[in-house]
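Working notes, structure below.
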Amino acid sequence: MTGIVIVGTQWGDEGKGKATDQLGNRVDYVVRYSGGNNAGHTVVVDGEKYALHLLPSGILNQNCIPVIGNGVVIDLEVMFAEIDGLLERGVQADRLLISANAHLIAPYHRVIDKVTERFLGNRKIGTTGRGVGPAYADKVNRMGIRVQDLFDESILRQKVGAALELKNAMLVKIYNRPAVSAEMVADQLLAYAPRVQPMMTDVAAVLNQALDHEKVVLFEGAQAHHLDVDFGTYPYVTSSSPIAAGACTGAGVGPTRIDRVIGIAKAYTTRVGEGPFPAELLDEVGEKLRQDGGEFGTTTGRPRRCGWFDALVVRQAAQVNALTDVFLTKLDVLTGWEKIPVVVAYDVDGRRFDDLPIRQSDLHHAKPIYEYWDGWTDDISAARQFADLPTNTQAYVRRLEALIGVRISGIGVGPGREQTVMINDLL
Ligand code: GDP
Ligand code: IMO
Ligand code: MG
């Protein structure tokens, strides 16, 4: 067992960071393969809380090599601020490797992210405003700046100039904003080159060689299946491929390298930003879930929208990502409810859907159909084995497992690294 993917099965913030960190001391490489610093992965080690946005969560385990693959978009300012922030807290982060082919988020991408959202008004996506979407747009549009461009000054200046020609016309004429100086941007980027140089490498070659030598490589997903540009609730998605298959294109390993895919699923559902969310609770029940679960964004601080567990959502993720295991997180947050509803189907204008509708217009009109499970009151945060959990908790977990159709191999009962019930070994 050597290539393992960790992937979000809902709309993000399922606890991927904690799950990654948990396996960290047993893996050789932890690789981010998609997204950028729109991610916010919280890891709690010995009561110390770390919020990682761009760096792989494996950075907190000194034996493991953190890697940023070609599929990630890198904001160098953010990356070095994160590295320096960790160093100040005594965490060595300079062993990081980054792909020469990864694209950069330039300052103008952030500006464009923000003005576009403002321009969209009530049709906005609710992005994190980090410039991630515009950087991916430039990549696909063949106007992007790559890490390796930092080492060819004339090419870099040419590329930044070309990228800004159209953007400046747009910024000035459409958005009524000042033009961005190509020279200043190029200077800013070039200033990072000396620090980037020792980190830049051929990530695909490094990882394939590692896998050849039976090393354990963990691909840490950011975002989630339902934020995927192909499989998510388009256009309310992120601009990359967070699904497990994205690990192949985003890090340069073939599909046969992946031995295991672990889907991270929260014991209820949350979403940040706009877009359809049939299970959403706009009442005091949703508010209680938000308070109990501390559901406020790690990246933007926005309150997360909350609802009960939606089996249709996680089941589709299980299929498309070929999940071998599910890690169920934040089960402790559900302690204290008399009844715990689970969404098992949707009602769309009188029609029943047992699986996600094909047409997103239906999803926008979907009303949840619930099944109700008996709750529990005992504190479960000290449980370490399945048998430690109250009978009703066990029944709830077994029901989710049956609805998802994939075995639940781990359960989070608190934010701490040790607060986990392991059922099947994940490695
Ligand atoms: P990610 O983006 O998927 O890594 O998830 P986030 O870090 O954005 O959000 C998950 C939050 O839940 C973080 O604050 C974690 O510390 C916390 N967390 C993770 N697992 C558990 C768990 O099992 N129980 C509780 N109570 N909190 C958890
Ligand atoms: P992690 O890795 C939750 C959401 C944004 C917005 C949409 C597009 O912590 O689970 P973007 O800035 O990517 O263009 O925004 O995607 N989004 C996330 N929501 N968790 C995340 O990451 C997210 N990354 C992006 O809120 O709705
Ligand atoms: Mg998060």
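As the structure is a computational prediction, the values presented were derived from the model and not from experiment. Counting starts at 1 for both ligands and their atoms, following the listed order. Hydrogens, waters and symmetry mates play no part in the numbers below; they use all other heavy atoms, side chains included. Each residue takes its place number in the sequence, starting with 1.
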Which segment of Tyr236 sits under 4.0 Å of ligand 2 when only heavy atoms are counted: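 Answer for Tyr236: neither.
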
Would you say [X] touches ligand 2, if touching means a heavy atom closer than 4.0 Å?
X: Gly8; result: no
X: Arg302; result: yes
X: Gly126; result: yes
X: Arg304; result: no
X: Arg130; result: no

Assess the pair Trp337 and Trp308: is the distance between their ring centroids shorter than 6.0 Å?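 Yes: the rings meet the under 6.0 Å criterion.
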
Quick one: does [X] get a heavy atom under 4.0 Å from ligand 1?
X: Gly12; result: no
X: Gly8; result: no
X: Arg304; result: yes

Does a salt bridge link Asp113 with Arg130, judged by any charged N lying under 4.0 Å from a carboxylate O?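 Result for this pair is no, no salt bridge flagged.
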
Looking at non-hydrogen atoms alone, which of Thr116, Thr299, Asn38, Leu227 comes nearest to atom 18 (C) of ligand 2?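 Looking at heavy atoms only, the winner is Leu227.
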
For atom 7 (C) of ligand 2, which of Asp13, Val237, Val272 has the closest heavy atom?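 Going through Asp13, Val237, Val272 one by one, Val237 has the nearest heavy atom to atom 7 (C) of ligand 2.
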
Which residue and non-hydrogen atom of the protein lie closest to atom 10 (C) of ligand 1, and at what distance in Å?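 The protein heavy atom lying closest is Asp13 O, 3.7 Å.
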
Return the residue, atom name and 0.1 Å-rounded distance of the protein heavy atom closest to atom 2 (O) of ligand 1.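 Answer, as residue, atom name and distance: Gly40 O, 2.8 Å.
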
Within less than 2.8 Å, report the number of protein N/O/S atoms around the Mg ion (ligand 3).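 If we list every protein N, O or S atom nearer than 2.8 Å to the Mg ion (ligand 3), we get 2.
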
Is the closest side-chain donor-acceptor distance between Arg146 and Asn101 under 3.5 Å?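 A donor-acceptor contact under 3.5 Å links the two side chains.
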
Is Glu274 in polar range of ligand 2, meaning some N or O pair under 3.5 Å apart?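 Between Glu274 and ligand 2 (N or O atoms, distance only) the closest approach is not under 3.5 Å.
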
